[in-house]
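Only one structure is covered here, and it is reproduced in the block below.
Both counts, for ligands and for their atoms, begin at 1 and track the order of listing.
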Amino acid sequence: ALTTNTCIVIGGASGDLAKKKTFPALFGLYQNGFLPEGIRIIGYARSKMDKDTREDKRWTNATPPSRCRRAVGAGGKGWEATSEPHVKMTRRECVTDDPRAGFTARPLLQDFHSRVSQYIKTPIPALKEKLKEFLERCTYISGQYDQDDGFVELEKELKRCEETFEDKKSPNNRVFYMALPPSVFTVVAANFKKHNYSKDGINRIIVEKPFGKDLESSREMQEGLKKEWKEEEIFRIDHYLGKEMVKNLLVLRFANVMLDASFNKNLISNVQITFKEPFGTEGRGGYFDEFGIIRDVMQNHLLQVLSILTMERPVSFSSEDIRDEKVKVLRYIPEIKMDDVLLGQYVGNGDKPGYLDDETVPKGSICPTFAACVVHINSPRWEGVPFILKAGKALNEQKAEVRIQYKDTTSGIFSDITRNELVIRVQPNEAVYLKMNSKAPGLAMRTVPTEMDLTYKRRFSDLKIPEAYEALILDAFKGDHSNFVRDDELDIAWKLFTPILHEIENDKPKPESYEYGSRGPAALDDFIAKKVGYKRSEA
Ligand code: BG6
């Protein structure tokens with residue numbers, strides 16, 4: 001474990017992921033004393049910002065023209081002069097290096113500290129103080145991703161930080177966190193290795209999806225990464241593995257004899273793993289359109305949940321034993337076919353815009369924002385049990401849950417009883433509940449559906465549920481790979497979905513429309529009923 005002298009470098013520190021997830025998680029850990037004592041955090045990205053130790057004040061005095069607009073042609077990053085009078089800009093927004101802009105505005109220095117603390121909540125004064133202390137440990141270096149200079153500067157900054165460590169005897173460890181777009185992923189990983197690898201201490205690299213777009217691109221990316229980094233140094237994040245309830249799956253199964261004994265084809269009729277979000281792509285459509293919901297959520301988050309839920313009991317709780325079993329169960333799944341999938345895309349509902357109304361989405365896109373898919377596991381334990389994976393944006397609610405539906409009770413002595421169902425709600429409002437039948441209290445013999453309910457808020461009201469990213473970063477610091485994706489696991493996940501992803505790209509099937517805020521495509525209930533051979537009244 002990394003205990004004392006550690007620097008963490010955040011590649012892509014000016015991006016969305018870093019400010020929304022990485023820095024808040026680092027602060028959460030810092031505030032609770034979970035980061036190594038000497039921890040220093042260095043942001044690295046292209047944008048000019050202050051707290052850059054090489055502050056360049058020339059950039060701050062830009063005077064943009066009164067009229068300019070976004071130059072989409074310049075990758076959406078630059079600005080150009082325009083004769084359209086309706087576009088107003090503030091000085092802060094006016095950023096260009098593009099000679100076509102016709103004016104001399106240059107990137108403004110943004111305040112790195114205010115950017116990274118944007119999503120950090122400090123409701124009490126003591127936390128404000130803690131945040132100040134945390135920020136004192138955060139510096140920033142701007143540099144290109146594909147040129148040496150920036151990484152040379154970064155190395156100097158790393159050395160400067162390491163000089164501040166009180167413990168002069170222990171080796172200096174370095175963690176590299178890649179919050180970067182896939183296009184620069186391999187080159188940055190190579191540059192970190194070339195210029196910034198610690199010679200005497202421990203080195204780790206934390207990487208974030210998207211891990212490619214299909215089996216081939218994923219392999220290419222992983223090979224690039226593995227040229228420079230050893231598998232034991234690599235921590236591939238799937239943040240669902242850091243969620244409290246996903247981590248609970250192993251305990252629920254293997255520490256409860258009655259659940260463990262019931263997890264098989266004899267008792268279980270079908271399993272549904274659902275991810276729903278009540279908002280659309282909202283300006284993130286440009287990114288989303290390249291990937292679609294299957295790559296964005298299903299091939300990774302939902303498949304991870306599926307593999308933990310269905311794996312055999314590992315030999316031990318070691319990360320390799322756990323991941324061996326996850327890979328094994330995934331290998332029992334046959335390739336997914338087009339007939340196993342229902343695709344949807346949301347349309348406007350009068351109030352909220354449809355997917356195609358998002359200006360960042362290409363016209364006429366057939367990218368699915370909803371998918372339902374049936375998966376079979378041909379293992380002795382699960383043969384014949386349909387697993388339905390469902391994921392969608394712009395639906396009626398936010399929910400991630402696993403719903404395990406047991407078979408009908410065979411005894412015919414009761415009429416009007418419902419099936420047992422075990423529901424594991426990942427979010428929001430974590431809960432595990434088992435739907436059961438009970439006698440309605442009273443003189444008559446009447447059954448009533450009831451629940452054995454473990455709602456976390458009630459049962460564990462005094463405990464804070466950690467954020468997924470906090471849990472994962474802490475694991476990476478400890479060197480525990482259990483909740484990270486191994487290379488062979490990633491490979492097999494892509495193998496399952498690549499054929500249909502290619503088929504969708506080639507044949508361009510039109511997704512079924514569903515209204516923003518609805519339950520999904522109208523065909524969903526019939527699709528599920530057909531695949532599981534049973535119709536439930538409520539989804
Ligand atoms: C990300 C996807 O991996 O997960 C997003 O790219 C999605 O599209 C997000 O919104 C959901 O994460 P969470 O933790 O909010 O359920």
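- When each of Glu231, His481, Glu320 is checked for a side chain to side chain donor-acceptor pair (under 3.5 Å) with Arg486, only Glu320 meets the rule.
- Near ligand 1, heavy-atom contacts under 4.0 Å come from Lys209, His239, Tyr240, Lys243, Phe275, Glu277, Arg284, Asp296, His301, Lys393, Gln427.
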Item to check | CA sep, side-chain torsions, deciding dist, call: Trp229, Phe235, ring pair (Phe, Tyr, Trp, His ring centres under 6.0 Å) | outcome: CA-CA 11 Å; Trp229 297 84; Phe235 291 77; over 10 Å; no
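- Under the salt bridge (Lys or Arg N to Asp or Glu O under 4.0 Å) criterion, Lys226 pairs with Asp487, sequence neighbours left out.
- Remark: Lys209 fails to qualify as a cation-pi partner of Phe211 under the 6.0 Å distance and 45° angle criteria applied to the six-membered ring.
- Every residue two or more places apart in sequence or in another chain was checked for a salt bridge (Lys or Arg N to Asp or Glu O under 4.0 Å) with Asp260, and none qualifies.
- Not counting sequence neighbours, the partners of Tyr355 by the ring pair (Phe, Tyr, Trp, His ring centres under 6.0 Å) test are Tyr346.
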